[in-house]
Amino acid sequence: MHSSPKDIEQLLQRAHHIAGWQLGEIAAELGIAAPHDLRHHKGWVGQLLEHWLGASAGSRPEPDFPHLGVELKTVPIDANYKPIESTYISVCPLTGLRGLRWQDSAVCHKLSHVLWIPVQGDKSIPVAQRHVGMPLLWQPTADEQQQLQRDWEELIEQVALGKVESITAHQGELLQLRPKAANRKALTEAIGPDGCKINTLPRGFYLRTSFTKLLFQRNFS
DNA sequence: TGTTGATCATGC
DNA sequence: GCATGATCAACA
């Protein structure tokens with residue numbers, strides 16, 4: 001399966017097909033090797049499943065399945081099916097924020113329709129032997145949508161007011177804003193406290209682990 | 001032991 | 001550097 005799925009049904013079918021498989025089996029089907037650990041291959045699992053499911057390659061700011069409007073997210077889980085990491089959503093724009101509305105934001109678009117695929121994340125299990133879980137096609141409820149919008153607006157407002165460097169990951173109920181960079185030296189332009197331009201670490205929006213935990217609890221138990 | 005801030009790989 | 005895919009690892 002490398003071609004783009006023709007509809008959501010086919011996408012779900014492919015996802016269900018590999019539920020219960022080990023990552024090494026999928027890798028073998030695709031003719032690629034599994035790394036021994038993810039320390040130097042942090043995005044490997046996500047990219048493996050992208051390939052298998054036929055997601056469009058590339059690093060464009062688009063959904064993984066543009067024609068379906070569906071975003072793919074793989075989530076590491078523990079033995080109880082609980083997510084053990086936060087989920088990266090998108091970069092946060094740090095300039096040109098005037099008039100930017102939630103409805104037009106990347107976060108809103110990406111989270112409007114998500115295919116979640118849980119994968120065992122216990123570091124004691126060799127990567128190739130980790131099992132893929134049941135897929136979950138999700139759309140935020142009205143309540144979730146509202147809370148996401150509140151978080152986003154609160155964070156974006158502070159960025160627009162030049163307070164990006166005083167935002168911590170403690171802020172936000174569902175979303176959080178955290179560094180998203182190659183390292184401490186990768187800087188980008190932002191608005192400073194006095195309204196002048198400053199250089200700061202690029203930031204990204206993440207979904208809290210506590211939220212995906214609830215999400216999986218609701219749907220897998 | 002859960003979270004936050006930092007980091008790794010890749011393509012362009 | 002930016003955007004994709006994320007997980008690591010130090011600290012509270």
Side-chain angles (χ1 to χ4, degrees), chain A residues 4 23 26-27 30 32-66 70-80 82-96 105-107 109-111 114-128 130 132-133 151 155 159 164-190 197-214 216-217:
Chain A
S4 179
L23 295 180
I26 300 171
L30 295 173
I32 54 184
H36 285 97
D37 63 74
L38 298 182
R39 189 167 177 224
H40 297 284
H41 304 271
K42 296 185 179 179
W44 188 81
V45 177
Q47 284 162 1
L48 179 79
L49 294 188
E50 272 188 352
H51 285 139
W52 172 267
L53 295 169
S56 41
S59 56
R60 293 163 299 174
E62 283 185 10
D64 297 295
F65 303 96
V70 172
E71 177 73 15
L72 172 68
K73 288 294 172 198
T74 61
V75 182
I77 53 167
D78 66 14
N80 298 314
K82 288 195 301 188
I84 56 184
E85 283 290 350
S86 56
T87 304
Y88 169 70
I89 305 302
S90 72
V91 293
C92 176
L94 300 180
T95 59
S105 70
V107 177
H109 290 154
K110 292 205 174 192
L111 291 184
V114 178
L115 177 63
W116 298 98
I117 301 193
V119 175
Q120 286 184 323
D122 186 330
K123 286 198 261 294
S124 68
I125 309 173
V127 175
R130 298 184 188 179
V132 176
D151 286 347
L155 291 164
V159 173
V164 61
E165 296 197 317
S166 56
I167 296 175
T168 79
H170 293 285
Q171 259 172 91
E173 298 265 331
L174 274 39
L175 288 175
Q176 49 181 184
L177 195 70
R178 299 191 348 236
K180 172 61 170 161
N183 54 60
R184 206 68 184 74
K185 294 170 188 157
L187 299 178
T188 191
E189 189 177 283
K197 290 172 181 174
I198 60 168
N199 283 111
T200 191
L201 229 44
R203 304 303 209 282
F205 285 105
Y206 293 76
L207 226 36
R208 288 189 178 281
T209 310
S210 55
F211 176 66
T212 46
K213 246 181 215 173
L214 281 175
F216 280 31
Q217 224 166 68

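In what follows, chains carry the letters A, B, and so on, assigned in the order in which the sequence lines appear, proteins first and then strands, with residues in each chain numbered from 1.
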Pick the nucleotide of DNA chain B nearest each of Gln47(A) and Lys82(A); which residue has the one closer to the 5' end? Lys82(A)
Reckon Glu189(A) touches a base, only the sugar-phosphate, or nothing at all at heavy-atom distances under 4.0 Å? nothing
Listed by chain and number, what are the side chain to side chain contact (heavy atoms under 4.5 Å, CB included) partners of Ser210(A), not counting sequence neighbours? Arg208(A)
Tell me the closest heavy-atom pair linking Gly46(A) and Thr74(A), and the distance in Å. CA-OG1, 3.6 Å
Between Ala182(A) and Arg178(A), which is nearer to the 5' end of DNA chain C once each is assigned its nearest nucleotide? Ala182(A)
Could you give all pairs that pass the salt bridge (Lys or Arg N to Asp or Glu O under 4.0 Å) test and reach residues 70-80 of chain A, with sequence neighbours left out? Glu71(A)-Lys73(A)
When all nucleic acid strands are considered with a 4.0 Å heavy-atom cut-off, which category describes Lys73(A): base, sugar-phosphate, or nothing? sugar-phosphate
In the 5' to 3' direction, the nucleotides of DNA chain C bounding the stretch that comes under 4.0 Å of a heavy atom in chain A are dG1(C) to dA9(C)
Work out which heavy atom in Leu72(A) is nearest to a heavy atom in Asp64(A); give both atom names and the distance. N-OD2, 2.7 Å
Pairwise 5' ranking along DNA chain B for Leu177(A) and His41(A), keeping only the more 5' one: Leu177(A)
Could you tell me which residues satisfy ring-ring contact (aromatic ring centres under 6.0 Å, His included) with Tyr206(A), sequence neighbours excluded, listed by chain and number? Tyr88(A)
Specify the angle, to 10°, made by the local axes at the two ends of the helix from dT1(B)-dA12(C) to dC12(B)-dG1(C) when five pairs are taken at each end. 30°
Can you tell me how far the CZ atom of Phe211(A) sits from the CG atom of Leu174(A), to the nearest 0.5 Å? 4.5 Å
Just jot down the side chain to side chain contact (heavy atoms under 4.5 Å, CB included) partners of Ile32(A), sequence neighbours excluded, or say none. Ala27(A), Leu30(A), Leu48(A)
Please round to the nearest 0.5 Å and tell me the distance separating atom CD of Glu85(A) and atom CD1 of Ile77(A). 13.5 Å
How would you label the contact of Ser210(A) with the nucleic acid (heavy atoms, under 4.0 Å): base, sugar-phosphate, or nothing? nothing
NA contact type, Lys123(A), heavy-atom cut-off 4.0 Å: base, sugar-phosphate, or nothing? sugar-phosphate
Please report the closest heavy-atom contact between Arg130(A) and Val119(A), naming both atoms and the distance. CB-CG1, 4.5 Å
Could you pull out all residues at least two apart from Asp37(A) that satisfy side-chain hydrogen bond (donor to acceptor under 3.5 Å, both in side chains)? none
Which part of the nucleic acid, if any, lies within contact of Thr168(A), taking any heavy atom under 4.0 Å across all strands shown: a base, the sugar-phosphate backbone alone, or nothing? sugar-phosphate
With DNA chain C as reference, determine whether Glu62(A) or Val75(A) sits nearer its 5' end, using the nearest nucleotide of each. Glu62(A)
Contact class for Gly43(A) vs. all strands (heavy atom < 4.0 Å): base, sugar-phosphate, or nothing? base
Holding to side-chain hydrogen bond (donor to acceptor under 3.5 Å, both in side chains), I want the full list of residues that pass it with Thr95(A), two or more places apart in sequence or in another chain. none
Please work out which residues in residues 197-204 of chain A have a non-hydrogen atom less than 4.0 Å from an atom of DNA chain B and list them by number. Leu201(A)
Only pairs at least two apart or in different chains count here, so list each side chain to side chain donor-acceptor pair (under 3.5 Å) that has a residue in residues 170-179 of chain A. Ser86(A)-Arg178(A), Gln158(A)-Gln171(A), Gln176(A)-Arg178(A)
Chain A vs DNA chain B, heavy-atom contacts under 4.0 Å, first-to-last nucleotide span, 5' to 3', is dT4(B) to dG11(B)
Partner residues of Glu165(A) under the side chain to side chain contact (heavy atoms under 4.5 Å, CB included) criterion, sequence neighbours left out: Ile198(A), Thr200(A), Arg203(A)
Can you name the nearest heavy-atom pair linking Pro63(A) to Val70(A), along with the distance? CB-O, 3.6 Å
